[in-house]
> 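Below are the structure tokens for one structure; questions will follow.
If you read the sequence from its start, that first residue is 1, and numbering goes on from there. Predicted model, so just to flag it, every value in this text is computed and none were measured. Only heavy atoms go into these numbers, but all of them, side chains included; no hydrogens, no water, no symmetry mates.
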Amino acid sequence: MPSSPVTSRRSFLAGSATLAAIPAVAALTGSALTDPASAETLPDYAPIPPSALGPAVNEQGYFVGRVEKNLYWVTDGTYQAAFLTTGEGVVLFDAPPSIGHNLQRAIDQIAAANGVSNEVTYLVYSHHHADHIGASSLFGRDVVRVGSAENKRLLARDNDPTRPVPDVTFDKRYTLHVGGERIRLAWQGTNHTSDNIYIHLPNQDTLMLVDIVLPGWVPFSNFNLSEDVPASIAAPAKALSYPWKHYIGGHMGRLGTRDDVVAHQQYVADIADNVRTALATVDPTPYFTRYGNNAWAAVKTYLEAVADYAAAPVITKYTGVLAAADVFTASNAFIILESIRLDLGYGSQIHP
């Protein structure tokens, strides 16, 4: 059945959110690409399970919905933010540039419907990455920005005017009290980044932890580009130690559940188990024989073979269960492989 104009526009707007997060390659190179891709030449991937998809975005390219009580979330289908309405204004959690001005539109929509203030008075940073807080400057200088001490250090280093440094910082734990609401913030060391924090809203039964678990989906390429792989693997267990029902992961189209976090843990555990098997199974000899003194070629092809060996059964198991299992599992397996080898020392041998 042909798509309706509204559905087609919504699909385009959702897809545009992804494109907005990626630099224009032609602009960076100063010329058009010599071999532009076409629908016929691009690879095919498995269909996305319906369970991974969130609600359709509206004509302006966003969806806003209630999480619990006075907590709401906003998505463009690829990125997520959240906001809490209170008697002392709105507390906004992250400001992804791909959502941009739609953040205020979403707040205005809810405020008008509920007869509450639409003024953003606080903005909490999950971490310093521009794809999650690069629209912070839209909210002016009077907003009180809150982040970890490490967050402030990194933002001062980056000196990006779209991401002003936080006004209120904390070392490990901080409770933000606004309009009778409690927002518990905790820095528990490096995981995805060195400043990524746990944001717990006990009255709303919600935890926000960005770029760790992407509900319904496998992690983004190279294990979400995590700075500390063992700590990122451990982070979901820390998340589950909090009492909550709703999970905001910062990406894709829907909210998460505790079952989503457990599914993520199992996916990662399966990769790690298969990596250990692959390291004991894949013979490095042919690769070093073939490439001789070109050590990097030998190492590259051998490690890729180990990662592919480890990824193959995981792709089979999770295709149709977690979205994009066939897209990013090999790169996730490679990063977990390198962590198991280098962080954990698995398979390391001392020359006799």
Side-chain angles (χ1 to χ4, degrees), residues 42-49 51-52 190-192 211-240 249 251-252 259-352:
L42 293 172
D44 293 323
Y45 292 107
I48 298 300
S51 60
T190 301
N191 45 66
H192 169 64
D211 281 340
I212 296 295
V213 176
L214 313 183
W217 294 72
V218 302
F220 181 70
S221 179
N222 295 303
F223 199 47
N224 283 333
L225 305 176
S226 294
E227 294 182 11
D228 187 327
V229 174
S232 291
I233 292 174
K238 293 181 179 179
L240 289 171
H251 277 286
M252 313 317 290
D259 286 344
D260 286 317
V261 176
V262 172
H264 169 93
Q265 288 179 301
Q266 188 59 59
Y267 169 83
V268 173
D270 287 344
I271 290 177
D273 288 345
N274 287 338
V275 161
R276 290 178 171 86
T277 299
L279 283 169
T281 303
V282 178
D283 182 5
T285 306
Y287 305 94
F288 287 86
T289 300
R290 169 67 178 84
Y291 294 107
N293 62 5
N294 189 344
W296 277 174
V299 170
K300 174 182 184 293
T301 52
Y302 166 64
L303 291 177
E304 286 177 348
V306 173
D308 288 343
Y309 186 102
V314 180
I315 293 171
T316 299
K317 178 177 178 179
Y318 287 93
T319 296
V321 179
L322 292 178
D326 56 335
V327 179
F328 282 141
T329 296
S331 73
N332 290 332
F334 183 86
I335 295 301
I336 292 172
L337 156 67
E338 289 300 87
S339 177
I340 287 174
R341 288 197 321 114
L342 305 177
D343 293 322
L344 306 185
Y346 187 90
S348 179
Q349 298 179 4
I350 297 175
H351 191 280

> Quick one: side-chain hydrogen bond (donor to acceptor under 3.5 Å, both in side chains) pairs with a partner in residues 343-352, sequence neighbours left out?
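Checked against side-chain hydrogen bond (donor to acceptor under 3.5 Å, both in side chains) - neighbours excluded - the pairs reaching residues 343-352 are S339-D343.
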
> Measuring from atom CG of L225 to atom CG of D211, what distance do you get when rounded to the nearest 0.5 angstrom?
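The CG atom of L225 sits 8.5 Å away from the CG atom of D211.
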
> Going by ring-ring contact (aromatic ring centres under 6.0 Å, His included), name the residues that satisfy it together with H192, two or more places apart in sequence or in a different chain.
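Result, ring-ring contact (aromatic ring centres under 6.0 Å, His included) vs H192: H127, H129.
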
> For a 4.5 angstrom cut-off between non-hydrogen side-chain atoms, does K238 reach N191?
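SC-SC contact between K238 and N191 ruled out.
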
> Which side-chain N or O atoms in residues 285-293 pair as donor and acceptor under 3.5 Å with protein atoms at least two apart or in another chain?
residue	atom	partner	partner atom	Å
T285	OG1	D283	OD1	2.8
T289	OG1	T285	O	2.9

> Not counting sequence neighbours, which residues clear salt bridge (charged side-chain N to carboxylate O under 4.0 Å, His left out) with D228? List them please.
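For D228 there are no salt bridge (charged side-chain N to carboxylate O under 4.0 Å, His left out) partners, ignoring immediate neighbours.
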
> Taking side chain to side chain contact (heavy atoms under 4.5 Å, CB included) as the definition, give me every residue that meets it alongside D273, ordered by chain and number, with sequence neighbours left out.
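In terms of side chain to side chain contact (heavy atoms under 4.5 Å, CB included), with neighbours along the sequence ignored, D273 is linked to no residue.
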
> Do side-chain atoms of N332 reach the backbone of F223 as a donor and acceptor pair under 3.5 angstrom?
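Pair found, side chain donor or acceptor close to backbone of F223.
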
> Could you pull out all donor-acceptor pairs under 3.5 Å where a side-chain atom in residues 304-316 meets a protein atom, sequence neighbours excluded?
residue	atom	partner	partner atom	Å
E304	OE1	K300	NZ	3.3
E304	OE2	K300	NZ	3.0
T316	OG1	A312	O	3.2

> Tell me, do E338 and L303 make a side-chain contact under 4.5 Å, heavy atoms counted?
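A side-chain contact exists here, since the closest heavy-atom pair is under 4.5 Å.
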
> On a heavy-atom basis, which atom in P236 and which in V213 lie closest, and how many Å separate them?
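Minimum heavy-atom separation between P236 and V213: CG-CG2, 4.1 Å.
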
> Who pairs with V327 by side chain to side chain contact (heavy atoms under 4.5 Å, CB included), at least two apart in sequence or on another chain?
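Side chain to side chain contact (heavy atoms under 4.5 Å, CB included) check on V327 returns Y45, A324.
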
> Does the side chain of V262 reach to within under 4.5 Å of the side chain of L240, using non-hydrogen atoms?
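They are in contact (side-chain heavy atoms under 4.5 Å apart), so the answer is yes.
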
> If the condition is side chain to side chain contact (heavy atoms under 4.5 Å, CB included), which residues does V321 pass it with, not counting sequence neighbours?
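Scan of V321 (side chain to side chain contact (heavy atoms under 4.5 Å, CB included), adjacent residues dropped) gives Y318.
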
> Could you go through L322 and T329, starting from their C-alpha distance and side-chain angles, then the distance that decides it, and tell me whether this counts as side chain to side chain contact (heavy atoms under 4.5 Å, CB included)?
CA-CA 11 Å; L322 292 178; T329 296; over 6 Å; no

> Got a sec, which pairs hit salt bridge (charged side-chain N to carboxylate O under 4.0 Å, His left out) with one end in residues 327-336, sequence neighbours left out?
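Salt bridge (charged side-chain N to carboxylate O under 4.0 Å, His left out) check on residues 327-336 returns no pairs.
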
> So, using side chain to side chain contact (heavy atoms under 4.5 Å, CB included) as the criterion, who are the partners of I48 when residues are at least two apart?
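A52, L53, W217, A323.
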
> Could you pull out the closest heavy-atom pair between H264 and I212, with the gap in Å?
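Taking H264 first and I212 second, the nearest heavy atoms are CE1-O, 3.3 Å.
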
> Mind checking the NZ-CD1 spacing from K317 to I271? Nearest 0.5 Å is all I need.
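Answer for the NZ-CD1 pair, K317 versus I271, is 11.0 Å.
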
> Which residues pass the salt bridge (charged side-chain N to carboxylate O under 4.0 Å, His left out) test with D326, sequence neighbours left out?
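Per chain and number, D326 pairs via salt bridge (charged side-chain N to carboxylate O under 4.0 Å, His left out) with no residue.
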
> Could you grab the distance from atom CD1 of I335 to atom CD1 of I340, nearest 0.5 Å is fine?
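Rounded to the nearest 0.5 Å, the CD1-CD1 separation comes to 12.0 Å.
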
> Would L279 and R341 satisfy side chain to side chain contact (heavy atoms under 4.5 Å, CB included), going step by step from the backbone distance to the final call?
CA-CA 9 Å; L279 283 169; R341 288 197 321 114; 4.2 Å; yes

> Excluding sequence neighbours, so at least two apart, what forms ring-ring contact (aromatic ring centres under 6.0 Å, His included) with F220?
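F220: ring-ring contact (aromatic ring centres under 6.0 Å, His included) contacts with F328.
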
> I want to check something: taking the side chain as every heavy atom from C-beta on, are R276 and L344 in contact at a cut-off of under 4.5 Å?
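Yes, at least one pair of side-chain atoms sits under 4.5 Å.
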
> For the atom pair CD1 (I336) and OG (S331), what is the distance rounded to the nearest 0.5 Å?
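Rounded to the nearest 0.5 Å, the CD1-OG separation comes to 9.5 Å.
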
